[in-house]
Amino acid sequence: MGQNGKRVVAVTGNEAVAEAMRQINPDVCAAYPITPATDIMQRFTSFVSNGKVKTEMVLVESEHSAMSACVGASAAGGRVATATSSQGLALMWEILFIASGTRLPIVMSLVNRALSAPLNIHGDHSDGMGARDCGWIQLWSENAQESYDNMIQAFRIAEHMDIRMPAMVCLDGFIISHSIERMEYLDDETVKNFAGEFKTTNPLLDIENPVSYGPLILTDYYMEYRRAHAEVMSKVSKVVLDVAKDFEKISGRKYGLFETYRLEDAEIGLVVLNSAAGTSKDVVDEFRNRGIKAGLLKPRLYRPFPYEEIGEALKHLKAVCVLDRADAFGASYGPLFMDIASGVYPHKNGPLLINKIYGLGGRDYLPEHAETVLAELAEIAKTGKVKTLREYIGVRE
Amino acid sequence: MKPKGWKELKPGAVVTEAGSAEKFKTGSWRALKPKWKEENCIQCLFCWIYCPDMAVRVKDGKRGEFNYDYCKGCGICALECPGKKGQKAIVMEEEGK
């Protein structure tokens, strides 16, 4: 036990997520394990078997069923959590919309993995990007510490009475899920108090007040429900920041809608999600040492996407490269690029933007990749000319 | 009733009023209409049991006239009706005839 009840540990990202789930002690967890998220459920089911949590564990026959059971349990009035990856998330897709449309605050960790075919089990953001418009809140995490911290905060955000929306906590498959890092755990009591008692809204199990879930809503009201959903999403940013403020008090760790690294006076910058941000920051430092004003922006709240705030944070740069660990097929830009471009678009004198697709299927993202990109950005900043708007990097010709 | 705006809706489309389906009249969907022939009715109430909505009225254990506000013309009542001496107590007729 360290200072203020914090425990310094060496754990994998999956272990950290499972520990957050143990400390939250959800009422129900329905899951179908899948690589690389398997380990989360393997550890969590051990907590269930050993009486470390009071969670009702439902082992189902597919991810479609896992999310369906989560929807039922959440509508019944329980605090619900699960975990998945890749094909598992793809199979849940239909039910993801039902969870959000029904306003059920389910929390799920998504260990990002490439989608088939070809079959691949490694880190890639194709799965999370495929579900970016399904009405869930998405928090992305650079390392095990952020995965753990985001997981704990996700319950407070999802369950907030102004929000009541499901939330996904994303971390990179294998790179984070299976690598051991030094991090800090909060003590059980602190997490329990931070998460607070779960409050129900119209629980199915309240037989004194019978309710119906899942009615047919046709042309006369469907659009009004979608408008109401959009309104809720517009309130998420504020709640995320409020929860982050409270979390800082118990952890000493500061979170925002996104992280900026040496960005304030930067002329060129990288925008990148999750684990690749760590490698990129090292290279930003190298460029700074050489007198080149480089910086970085790492989105944390990816859905709803804080377009205005990110536009403001990037508008003073001369050139920015958005790095996408997923492609959006159709010869267009990567998904993160499209969001960043939308954020920068209102700023007339904003930066020139380029897009690189990297690291698909777990392909290593190396410091030399960041170096090449930053060197290209420095050239663009100098000449004002972009040679290639979008390309793959780290790929054999 | 004036339709509600988006700010007035229950979150997640949850219906919190029990029995509110009564307010939703679906009889206009019908193409075929069941007709009750009381003279062939043995009061078995199969029609009342099998009706998926609430189109069969029953009072004091006796079958009454159809409530067409909820009848979509599925024909289950007519199919299940045992009738009397081979004569059905419910027959389906084309709507509008």
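In what follows, every chain begins at residue 1, and chains take the letters A, B, ... in the order their sequences are listed.
In this structure, A:Tyr32 places its OH atom where only 12 or fewer heavy-atom neighbours from other residues, nucleotides or ligands lie under 6.0 Å away. Heavy-atom neighbours of B:Met54 CE from other residues, nucleotides or ligands within 6.0 Å: above the threshold of 12. A:Phe258 CZ: more than 12 foreign heavy atoms inside a 6.0 Å radius.
Top candidate by heavy-atom pairs under 4.5 Å with chain A, chosen from B:Ala18, B:Pro3, B:Ala13, is B:Ala13.
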Hey, what donor-acceptor pairs show up under 3.5 Å between chain A and chain B?
unit_1: A:Ser212; atom_1: N; unit_2: B:Val15; atom_2: O; d: 2.8
unit_1: A:Ser212; atom_1: O; unit_2: B:Val15; atom_2: N; d: 2.9
unit_1: A:Tyr221; atom_1: OH; unit_2: B:Lys4; atom_2: N; d: 2.7

